[in-house]
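For reference, the structure discussed in these notes is given below.
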Amino acid sequence: MFGSSLQTRREAGDFSALADRVKAGNVPALSRLITLLENQNPSGIAVLRLLGSGPHHAAVIGITGYPGAGKSTLVAQLVAAYRRSGMKVGVLAVDISSSVTGGALLGDRIRMQKHTLDPNVYIRSMATRGHHGGLARAAGDATVVLGAAGYEVILIETIGVGQNEVEVMDVASPVVAVVAPGFGDEVQAMKAGLLEVAPIVVVNKGDLAGADTTLRDLRDWCSTVLRTVATTGEGIPELIAAIAEHQRLRDLQGASARLIRKGAGF
Ligand SMILES: Nc1nc2c(ncn2[C@@H]2O[C@H](COP(=O)(O)OP(=O)(O)OP(=O)(O)O)[C@@H](O)[C@H]2O)c(=O)[nH]1
Ligand SMILES: [Mg+2]
């Protein structure tokens, strides 16, 4: 009896020590916690609860699209841009080792390489967990952990093909759908699926033939369609501005909804 309460107390102490290290921005501590949460470890969940109480203001931005559209190259450019404005940036690359592109993980590492030495950039890949919704939950939990650790922008890259990946995007706002020119069938499929969850569409590889046609095609469908060349950085300032504008409108809508609720006495 006495022993078990001592153990409980010791565990509680361990939990709060881990939570404190995460809040102090300790990278090994937050990595450990994210791993615990990926495995749905009860200790991890207990620590997450300790973090959940404080306000976190991290912006969570989703980057989704078909394999090879240039998502990681785009993410690397966004990381650079947010770092230039002094923000601490987290990147969650979800299920990037797609069966379609094979060695994508290695490619992603190379594209992100220059950022891995920056102590204000945290990059982590998260793999698909077997059960339904598990990956989305783990990614959502990871954004809470990173927010508590002081990351101001969290970019989540995912391949927008399966239901699992689309669910991951529930935790992001806005979601940016990335498409490359000349993928006619994929653009049609995106219209049916991805574009519903993505208020911003990027036609990346804007340097390739066919970009204009794809842009025109998508502009009939979605109000914010931008052209980027992720390999050179062209169009990135415009994308950053579109993301900021979306966040501003969303926050305004949230604030007015709260006012209406207050006025109605809810
Ligand atoms: N020409 C051109 N090539 C690009 C551009 N952006 C990315 N690429 C190239 O496209 C290839 C795929 O880029 P990634 O950034 O790995 O694409 P991804 O969407 O992250 O790929 P997955 O993670 O496998 O789905 C790489 O060889 C990039 O160098 C661009 O704007 N123009
Ligand atoms: Mg990638």
Side-chain angles (χ1 to χ4, degrees), residues 60-83 89-116 121-128 135-136 139 142 153-169 172 174-187 189-190 193-195 197-198 200-218 225-240 242-243:
V60 183
I61 302 160
I63 307 291
T64 189
Y66 281 86
K71 299 178 295 297
S72 299
T73 316
L74 206 63
V75 166
Q77 289 284 358
L78 291 175
V79 171
Y82 287 119
R83 285 298 300 129
V89 187
V91 178
L92 300 174
V94 175
D95 206 10
I96 49 177
S97 50
S98 76
S99 54
V100 184
T101 49
L105 188 57
L106 180 65
D108 279 306
R109 287 226 181 97
I110 291 164
R111 271 179 275 291
M112 302 276 177
Q113 209 164 39
K114 67 176 178 173
H115 297 301
T116 54
V121 178
Y122 177 78
I123 300 171
R124 163 145 193 151
S125 54
M126 303 182 80
T128 306
L135 186 62
V153 177
I154 301 162
L155 299 160
I156 306 184
E157 175 188 340
T158 182
I159 294 167
V161 283
Q163 186 58 32
N164 220 346
E165 289 77 18
V166 172
E167 277 172 12
V168 169
M169 289 294 129
V175 173
V176 177
V178 185
V179 64
F183 284 72
D185 290 348
E186 289 181 2
V187 170
M190 273 180 101
L194 276 186
L195 297 191
V197 294
I200 299 173
V201 175
V202 160
V203 177
N204 187 45
K205 307 198 183 184
D207 53 322
L208 298 187
D212 287 333
T213 316
T214 308
L215 273 164
R216 264 197 309 275
D217 192 11
L218 287 166
V225 184
L226 305 168
R227 175 209 290 262
T228 59
V229 183
T231 39
T232 64
E234 203 184 316
I236 300 299
E238 291 79 1
L239 175 57
I240 298 263
I243 291 170

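For this chain, numbers begin at 1 and follow the sequence in order. First listed ligand is number 1; within each ligand, the first listed atom is number 1.
Contacts of V75 with ligand 1, taken as heavy-atom pairs under 4.0 Å, are absent altogether.
Between E157 and ligand 1 there is a heavy-atom distance shorter than 4.0 Å.
Without hydrogens or angle criteria, E234 side chain to V229 main chain gives no donor-acceptor distance under 3.5 Å. In this structure, K71 contributes its side chain and Y66 its backbone to a donor-acceptor pair below 3.5 Å. Between the side chain of N204 and the backbone N or O of A69, at least one donor-acceptor pair lies under 3.5 Å. Judged by distance alone, the side chain of T64 and the main-chain N or O of A177 form no donor-acceptor pair under 3.5 Å.
Here CD1 of I154 is found 12.0 Å from OH of Y82. Values are rounded to the nearest 0.5 Å. Remark: L92 CG to I123 CD1 distance equals 10.5 Å, nearest 0.5 Å. In this structure, D207 CG and T228 OG1 are separated by 9.0 Å, a value rounded to the nearest 0.5 Å.
Checked against a 3.5 angstrom limit, the closest N/O atoms of A230 and ligand 1 fall inside it. Between G70 and ligand 1, a contact under 3.5 Å exists for at least one N or O pair. Of the polar atoms of V229, none of the N or O atoms is found under 3.5 Å from an N or O of ligand 1, judged by distance alone. No N or O atom of T228 sits closer than 3.5 Å to an N or O atom of ligand 1. Among the atoms of L74, none of the N or O lies under 3.5 angstrom from an N or O of ligand 1.
With ligand atoms numbered from 1 in the order given, ligand 1 contributes 25 (O) to contacts under 4.0 Å with heavy atoms of P67. For ligand 1, the atoms sitting less than 4.0 Å from at least one non-hydrogen atom of D207 are 1 (N), 2 (C), 30 (C), 31 (O), 32 (N), numbered in the order shown with element in parentheses. Close contacts between ligand 1 and T73 involve ligand atoms 7 (C), 13 (O), 14 (P), 15 (O), 28 (C) [criterion: under 4.0 Å to a heavy atom]. Atoms of ligand 1 found under 4.0 Å from any heavy atom of G68, numbered from 1 in the order shown, are 12 (C), 17 (O), 18 (P), 19 (O), 21 (O), 22 (P), 24 (O), 25 (O).
Minimum-distance N/O/S atom of E157 relative to the Mg ion (ligand 2): OE2.
Here the closest heavy-atom approach between residue L226 and residue E238 is recorded as CD1-O, 3.9 Å.
Between L78 and V153, the closest side-chain pair of non-hydrogen atoms is not below 4.5 Å.
Of the listed residues (T231, T64, V203, T158), the one carrying the non-hydrogen atom nearest atom 30 (C) of ligand 1 is T231.
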